[in-house]
Amino acid sequence: MKHREAYIQRISDWLSVQPGQIELYWKGRVGLYALLKAFGVKEGDEVILPAFTCVVVPNAIIYCGAKPIYVDISPKTLNTTLDHIKQAITEQTKVIMVQNTFGLSNEVDEITAYAKSKGILTIEDCTHGFGGTFKDAPNGSYCDAAFYSTQWNKPFSTGIGGFAALNNVNYTQQFREVNSKLATPSRKDRYVLASLIQAKKYLLHDSTYWAALRLYRSLSKSGLVVGSSKGEELVDAKMPKNYFLRAVKVQEKVGEKALLNLAQALENRQQNGLQYNQFLKELGKWHYAEEDLLNHSFLNFPIFVKDKKAFQAAAEKEKIRLGDWFVSPIHPVMENFELWHLQPNDFPVALEKSNHILNLPTEPSNIHQVLDFLQNQADNLL
Ligand SMILES: Cc1ncc(COP(=O)(O)O)c(C=O)c1O
């Protein structure tokens, strides 16, 4: 079996979705765009999404000619709620996006049932949640479709990459037609990606993490390496050239292999996530409620701090691999929000959370080192 077929078969086994309903892409966001196109999203349509996401999500909506309609998040789960969504629905609402933030899904059953009753389609942004479950069903399976990311820090990695799974078989024809237009990434980009995957394997350690992160972000912003986001995707909502790209061999090969180790990685992350939660609860700091823990796959663990810069500097000194998702309601954009039809002040919870959020690794080389660090930094934790 070729790597592509074997990789798709493994995804299919995890999701219980037929292989023919799955497509692989150069990046996860391309999968979202393909699904929106397959659902016929066009000018005049509205798509509801959380105001606590990555800018490439509203980008895909705008590239279809539709308008993103943001809704605020719950301070408890960092996800949208059915109540928020209900208030944003209009005659123009074509799709509701449900996001699995940091690996947690909530209310997906209620949201999808309500959307169905209104004739609105649903897409789950499962970029953080492949392999996890919501009420014992694989993440992504409640909605009409879901898309997933396999970018560097995701549940499993192919460098950059992603895929989409279509659950609503009524759109199969449209999905295949849209996917038939995918182009192949350039030879240079394929080569650079393969080299980056090797470099990460051999060069990234706790001691090189902070320097490597800064270097990678700067090189990918300037377009010198294939990055998570090209500079142009962060400064305007216009579709870049060479956006609608299929996955390539190196991603299929690496993905097929990476899936073999996923169960162990998930188990490890879940245990560490639960340990962080208990520790922060005992410290009297922000933590998840008991009832949300079962549906959480803990890709990362969010924390909230008074002074981000001081906390990050202390983490760098201690060689702790901190993340900084989401620095704004449309990460990582910090200005010209009107280009994305967003007024950040309309979403006070998302704005407040993005001002204070950082995230802990759930696969640290030594969790006790991270717990000691949190204890020492307790005054800076919210
Ligand atoms: C919430 C969310 N949605 C979508 C994406 C896009 O995924 P990709 O980088 O694979 O296009 C990301 C990327 O990190 C994300 O965090």
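We count ligands from 1, going down the list as the structure has it; atoms in each ligand are counted the same way.
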- Message: One residue to check: Val57. Relative to ligand 1, which of side chain, backbone, both or neither has a non-hydrogen atom less than 4.0 Å away?
- Response: side chain

- Do the side chains of Phe134 and Asp109 get nearer than 4.5 Å, heavy atoms only? yes

- Query: Just checking, any donor-acceptor pair under 3.5 angstrom between side chains of Tyr148 and Asp125?
  - Reply: no

- Query: Is the shortest heavy-atom distance from the side chain of Lys135 to the side chain of Tyr142 under 4.5 Å?
  - Reply: yes

- Which ligand 1 atoms, with their elements, are less than 4.0 angstrom from a heavy-atom of Arg29? 8 (P), 9 (O), 11 (O)

- Task: May I ask whether Gly31 has any heavy atom positioned less than 4.0 angstrom from an atom of ligand 1?
- Result: no

- Message: Taking 4.0 angstrom as the limit and counting only heavy atoms of Gly161, give me the atoms of ligand 1 inside it, by number and element.
- Response: 10 (O)

- State, yes or no, whether a side-chain contact exists between Phe147 and Tyr25 at a heavy-atom distance under 4.5 Å. no

- Query: Near Cys54, which atoms of ligand 1 are under 4.0 Å from a heavy atom of that residue?
  - Reply: 2 (C), 12 (C), 15 (C), 16 (O)

- Message: For ligand 1 and Thr150, I'd like to know whether there is a polar contact (N/O to N/O, distance under 3.5 Å).
- Response: no

- Taking C-beta and beyond as the side chain, do Gln275 and Ile367 meet within less than 4.5 Å on heavy atoms? yes

- Message: Please classify the Gln99 to ligand 1 contact at 4.0 Å (heavy-atom distances, strictly less than): side chain, backbone, both or neither.
- Response: side chain

- Item | Gln151 N/O to ligand 1 N/O under 3.5 Å | no

- Task: Flag the pair Glu23 and Lys37 as a salt bridge only when some basic side-chain nitrogen lies within less than 4.0 angstrom of an acidic carboxylate oxygen.
- Result: no

- Determine, using heavy atoms of Lys154 and all atoms of ligand 1, whether some pair is separated by less than 4.0 Å. yes

- Item | For Ser149, the ligand 1 atoms whose distance to one of its heavy atoms is below 4.0 Å | 7 (O), 8 (P), 10 (O)

- Task: Measure centre to centre between the rings of Tyr171 and Phe39, then say whether the value is under 6.0 Å.
- Result: yes

- Message: Counting only nitrogen or oxygen atoms and a 3.5 angstrom limit, does Thr53 reach ligand 1?
- Response: no

- Proximal ligand 1 atoms for Val56, defined as those under 4.0 Å from one of its heavy atoms: 5 (C), 6 (C)

- Any chance the side chains of Asn106 and Asn79 put a donor and an acceptor closer than 3.5 Å? yes

- Ile303 versus Lys285: any side-chain heavy-atom pair under 4.5 Å? no

- Query: What atoms of ligand 1 come within less than 4.0 Å of a heavy atom belonging to His128?
  - Reply: 1 (C), 15 (C), 16 (O)

